[in-house]
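Reviewing the structure listed below.
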2 protein chains.
Amino acid sequence: MDSPPQQTGIELGLHAAIVTVQQNQPFVICVNPDGSGGSEDSLPFGKFTPLAHRTLEIGLRNWVKEQTGLDLGYVEQLYTFGDRGRHAQKGDRGPHMVSIGYLALTRVRDLRRKGVMRRCWYDYFPWEDWRAGRPQMIGEIIEPLLHKWSRLPDEDAGRRRPLGRKERIRICFGHDGVGWDEEKVLDRYELLYEAGLLHEAGRDGRHAASLWSGLPALGRPMMYDHRRILATAISRMRGKLKYRPLVFELLPGQFTLYELQKVVEAISGTPLHKQNFRRLVEAGGLVEATGKLQKSTGGRPAKLFRFRRTALVERPSPGLRVKGPGR
Amino acid sequence: MDSPPQQTGIELGLHAAIVTVQQNQPFVICVNPDGSGGSEDSLPFGKFTPLAHRTLEIGLRNWVKEQTGLDLGYVEQLYTFGDRGRHAQKGDRGPHMVSIGYLALTRVRDLRRKGVMRRCWYDYFPWEDWRAGRPQMIGEIIEPLLHKWSRLPDEDAGRRRPLGRKERIRICFGHDGVGWDEEKVLDRYELLYEAGLLHEAGRDGRHAASLWSGLPALGRPMMYDHRRILATAISRMRGKLKYRPLVFELLPGQFTLYELQKVVEAISGTPLHKQNFRRLVEAGGLVEATGKLQKSTGGRPAKLFRFRRTALVERPSPGLRVKGPGR
DNA sequence: ATACTTATACTCGTTTTGAGTATAAGTATG
DNA sequence: CATACTTATACTCAAAACGAGTATAAGTAT
């Protein structure tokens with residue numbers, strides 16, 4: 001017998017984008033559901049069960065602990081995703097799935113759990129890494145395809161879209177006098193999604209995949225809408241970096257200013273002027289010298305610093321007001 | 001017979017903090033469930049039913065339309081609230097309620113619907129309006145009570161609370177060299193809540209209301225956790241104002257720079273230097289003169305301006321980088 | 001000893017900001 | 001219609017912040 005015709009209810013999923021930085025690379029922690037097979041990467045996630053978990057965040061922490069063995073430190077809610085068809089991949093007619101995405105920061109050193117791994121987030125968003133200059137793929141692959149798309153008929157024009165496709169491309173990818181805004185990670189993801197250039201868009205049936213036949217994959221795809229959640233996480237981190245001392249969650253207790261800079265660059269995806277970064281940080285009062293030195297720099301030993309927790313009390317928005325390369 | 005022992009499921013509520021500005025006052029739109037009786041104000045809200053609504057936002061728009069008659073323009077998701085006991089007021093053992101809060105902006109002129117009204121948001125948060133200087137109630141009522149609270153034993157100390165109560169009070173209310181940060185609306189709400197100084201805290205059972213017997217109500221309470229949602233909305237608006245052209249959603253098509261300033265002041269709750277505000281706005285390129293004049297100023301006629309939609313294309317973060325009075 | 005590395009300090013011209021003063025162009029009042 | 005009063009707008013000026021360097025310090029590798 002079939003299961004009874006269950007009233008279509010709602011299930012809440014909790015999803016974590018767990019970020020860590022190592023060797024100057026920003027990583028996100030992934031799980032690969034079928035062991036290590038060919039399936040797509042997925043963020044750790046699980047269902048919220050109000051009977052078991054007093055709060056959403058506790059539920060998230062439990063799922064992450066169970067799936068990855070990690071105890072999370074800093075956790076922040078990002079966004080709730082609830083569009084119908086989000087789980088179209090499954091094709092099931094079960095209860096409607098609504099997902100809450102979280103950003104978590106950690107300093108994890110090794111992941112021993114099988115099926116759990118970290119991956120550089122620029123594997124998923126190669127166009128977001130400007131540390132070595134503008135990525136070639138933007139000019140060579142993305143922009144030509146987007147401009148082709150911008151000339152196709154646009155059924156959405158006008159309706160809730162104050163800007164045309166061409167303008168959106170300019171804003172997102174920075175051209176013709178518009179600068180690159182490293183915070184627009186989600187906008188860029190959504191533009192590429194809408195243009196049908198991402199693998200996920202095919203699942204959604206939004207655009208005939210045939211339109212872009214032979215398209216090289218733009219970044220590594222993820223399960224469901226997990227890449228969108230990750231894009232949201234990166235956007236949030238890049239923005240919040242500037243007015244909240246988030247970075248220190250990713251650094252050890254003591255660090256050199258250059259290490260700090262490299263972490264900020266890894267997250268923001270832009271190179272920074274070393275001398276001015278140092279001036280900014282020291283003037284900001286977020287940090288204090290420990291009196292010790294780091295010898296293994298290869299050159300002059302660097303002073304070690306620590307985060308001044310009390311800085312939170314002194315400054316209205318204690319972040320690293322870094323600015324990218326501008327236009 | 002009782003209803004069958006229903007498996008405790010999840011219900012998703014959609015809540016809207018609808019903001020509008022009139023006569024230099026920021027308003028939020030409320031509904032009073034029992035007609036216009038003595039019951040507490042509530043934000044428009046309703047259940048998300050995936051069968052009826054394709055997306056969460058569509059669901060929200062429908063509920064708002066049904067309850068208030070308003071067609072919303074700008075809508076933005078704020079936060080998802082899911083703690084157990086949020087609806088403790090009801091005391092029911094039904095399905096667990098999770099709520100998604102939204103911020104909406106509108107230029108509504110008149111609300112004709114019965115039971116629907118607008119109310120100045122500083123009725124709920126009188127300590128947030130610094131336009132005429134530091135509100136007296138902070139020094140005379142809030143701070144004395146908070147300091148009394150800070151001397152009580154703190155069971156949370158250390159655990160997930162890097163800062164002590166005294167430091168949190170200083171950060172939130174700006175004292176001893178710490179400036180007032182108008183964006184910390186939610187932090188202040190939560191501090192007052194934790195201290196048991198808000199009416200809502202009594203419902204939660206967190207603090208014996210008797211501790212503060214004879215306490216004058218700190219701001220007007222709202223149903224459930226609606227005041228927390230409103231605090232989140234105000235925080236978000238005050239922050240986003242600075243890097244997104246939100247204000248223009250609240251202004252008519254044409255406006256003088258002084259009107260623009262008054263709207264910004266109403267939202268941020270701080271006074272601004274008129275000449276510098278004008279310089280900032282004109283330099284920002286967000287606005288262009290229409291060539292017409294507003295005569296009814298009482299003095300020299302003011303030029304009328306309009307929002308330049310294309311400014312979005314030119315600037316990386318096109319907001320009004322206003323700064324409050326600082327410390 | 002010499003070249004090379006990285007860290008740190010200082011300089012300098014430009015831009016932005018805070019806080020004004022000065023002037024323009026109306027209305028209200030005697 | 002002269003005068004005071006109102007509000008709008010323009011301009012000034014010193015302080016601070018910023019972008020892009022040069023200079024110097026203190027190590028390692030050969």
Side-chain angles (χ1 to χ4, degrees), chain A residues 23-24 130 133 179-180 182 242-243 254-265 268 270-305 315-327, chain B residues 24 133 179-180 182 242-243 254-265 268 270-305 315-327:
Chain A
Q23 281 106 29
N24 303 340
W130 285 50
W180 174 257
E182 79 278 356
K242 290 162 189 157
Y243 59 94
Q254 293 189 35
F255 45 84
T256 69
L257 293 185
Y258 195 57
E259 286 167 351
L260 174 60
Q261 179 181 342
K262 283 302 164 187
V263 172
V264 171
E265 288 178 340
S268 71
T270 59
L272 296 170
H273 184 283
K274 187 168 167 177
Q275 298 93 319
N276 289 349
F277 178 79
R278 144 181 297 277
R279 176 175 65 187
L280 194 76
V281 171
E282 295 199 282
L286 282 175
V287 119
E288 67 191 351
T290 63
K292 289 176 190 162
L293 293 176
Q294 164 91 265
K295 294 234 169 186
S296 53
T297 58
R300 173 174 173 176
K303 286 187 206 165
L304 283 166
F305 290 79
R315 318 197 69 233
S317 60
L320 300 166
R321 321 200 142 280
V322 289
K323 290 212 177 137
R327 50 190 64 184
Chain B
N24 302 341
W180 175 257
E182 79 277 356
K242 291 163 188 157
Y243 59 95
Q254 293 189 36
F255 46 84
T256 69
L257 293 185
Y258 196 57
E259 285 166 352
L260 175 60
Q261 179 182 345
K262 285 300 165 190
V263 172
V264 171
E265 288 178 340
S268 71
T270 59
L272 296 171
H273 185 283
K274 187 168 167 176
Q275 297 93 319
N276 289 348
F277 179 80
R278 141 182 298 276
R279 175 176 67 187
L280 193 76
V281 171
E282 295 200 283
L286 283 174
V287 119
E288 69 192 349
T290 63
K292 290 176 190 161
L293 294 176
Q294 164 91 264
K295 293 235 170 189
S296 52
T297 57
R300 173 175 173 176
K303 287 187 205 165
L304 282 166
F305 290 80
R315 319 199 71 234
S317 60
L320 300 167
R321 320 199 142 281
V322 289
K323 290 214 175 132
R327 52 189 64 183

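By convention in this document, chain letters (A, B, ...) are assigned in the order of the sequence lines, proteins followed by strands, and residues within each chain are numbered from 1. Worth saying up front: this structure is predicted, and the values here are computed from it rather than measured.
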Practice prompt. Would you check if Leu304(B) and Thr256(B) make a side-chain contact, meaning some heavy-atom pair closer than 4.5 Å?
Written response: yes

Discussion item. Heavy atoms only, 4.0 Å cut-off, all strands: where does Lys295(A) land among base, sugar-phosphate and nothing?
Written reply: nothing

Item to complete: State the pairing partner of dC5(D); accept Watson-Crick or G-U wobble contacts with both distances under 3.5 Å, and report none otherwise.
Response: dG26(C)

Worksheet item: Nearest to the side chain of Lys303(B), which nucleotide is it out of dT9(D), dC18(D), dA7(C)?
Response: dT9(D)

Practice prompt. Test salt bridge (charged side-chain N to carboxylate O under 4.0 Å, His left out) on Lys262(B) and Glu265(B) and set out the steps.
Written response: CA-CA 5 Å; Lys262(B) 285 300 165 190; Glu265(B) 288 178 340; 2.9 Å; yes

Worksheet item: Which nucleotide, dT9(D), dT8(C), dG19(D), lies nearest any side-chain atom of Asn276(A)?
Response: dG19(D)

Worksheet item: Quick one: is Lys274(B) getting a side-chain N or O under 4.0 Å of the dA8(D) phosphate, OP1 or OP2?
Response: yes

Practice prompt. Measure from CG on Leu260(B) to P on dT9(D) and round the result to the nearest Å.
Written response: 12 Å

Worksheet item: Does dA16(D) have a Watson-Crick or wobble partner in any strand here, with both distances under 3.5 angstrom, and which is it?
Response: dT15(C)

Fill in: Between P of dT6(C) and NZ of Lys262(A), the distance in whole Å
10 Å

Worksheet item: dA7(C) C1' sits how many Å from Phe305(A) CZ, rounded?
Response: 10 Å

Worksheet entry | Base dT11(C) paired with Gln275(A) side chain (donor-acceptor, <3.5 Å) | no

Item to complete: Among the candidates dA10(D), dG26(C), dA7(C), find the nucleotide nearest to the side-chain atoms of Arg300(A).
Response: dA7(C)

Worksheet item: Which comes earlier along DNA chain C counting from the 5' end, the contact point of Leu293(A) or that of Arg279(B), where each point is its nearest nucleotide?
Response: Leu293(A)

Discussion item. Please compare Leu257(B) and Pro301(A) by the position of their nearest nucleotide in DNA chain D and report the one closer to 5'.
Written reply: Leu257(B)

Discussion item. Can you measure Leu280(B) atom CG to dT16(C) atom P for me and round it to whole angstrom units?
Written reply: 11 Å

Worksheet item: Of all heavy-atom pairs between Ala289(A) and Phe305(A), which one has the smallest distance, and what is that distance?
Response: N-CD2, 3.5 Å

Worksheet item: Taking CZ from Phe255(B) and P from dT7(D), how many angstroms apart are they, rounded to a whole number?
Response: 21 Å

Response to the item:
Paired to dA9(C) by Watson-Crick or G-U wobble criteria (both distances under 3.5 Å) is dT22(D)

Worksheet entry | Gap between atoms OH and P, on Tyr258(A) and dT6(C) respectively (whole Å) | 7 Å

Fill in: Result of checking Gln254(B), Lys303(B), Glu259(B) against Gln294(B) for side chain to side chain donor-acceptor pair (under 3.5 Å)
Glu259(B)

Worksheet item: Below 4.5 Å, heavy atoms only, C-beta onward: do Lys274(A) and Phe277(A) meet side chain to side chain?
Response: no

Worksheet item: How many Å lie between NE2 on His273(A) and P on dA17(D), as a whole number?
Response: 18 Å

Practice prompt. Specify the separation, in whole Å, of atom CZ of Arg278(B) and atom P of dA24(C).
Written response: 15 Å

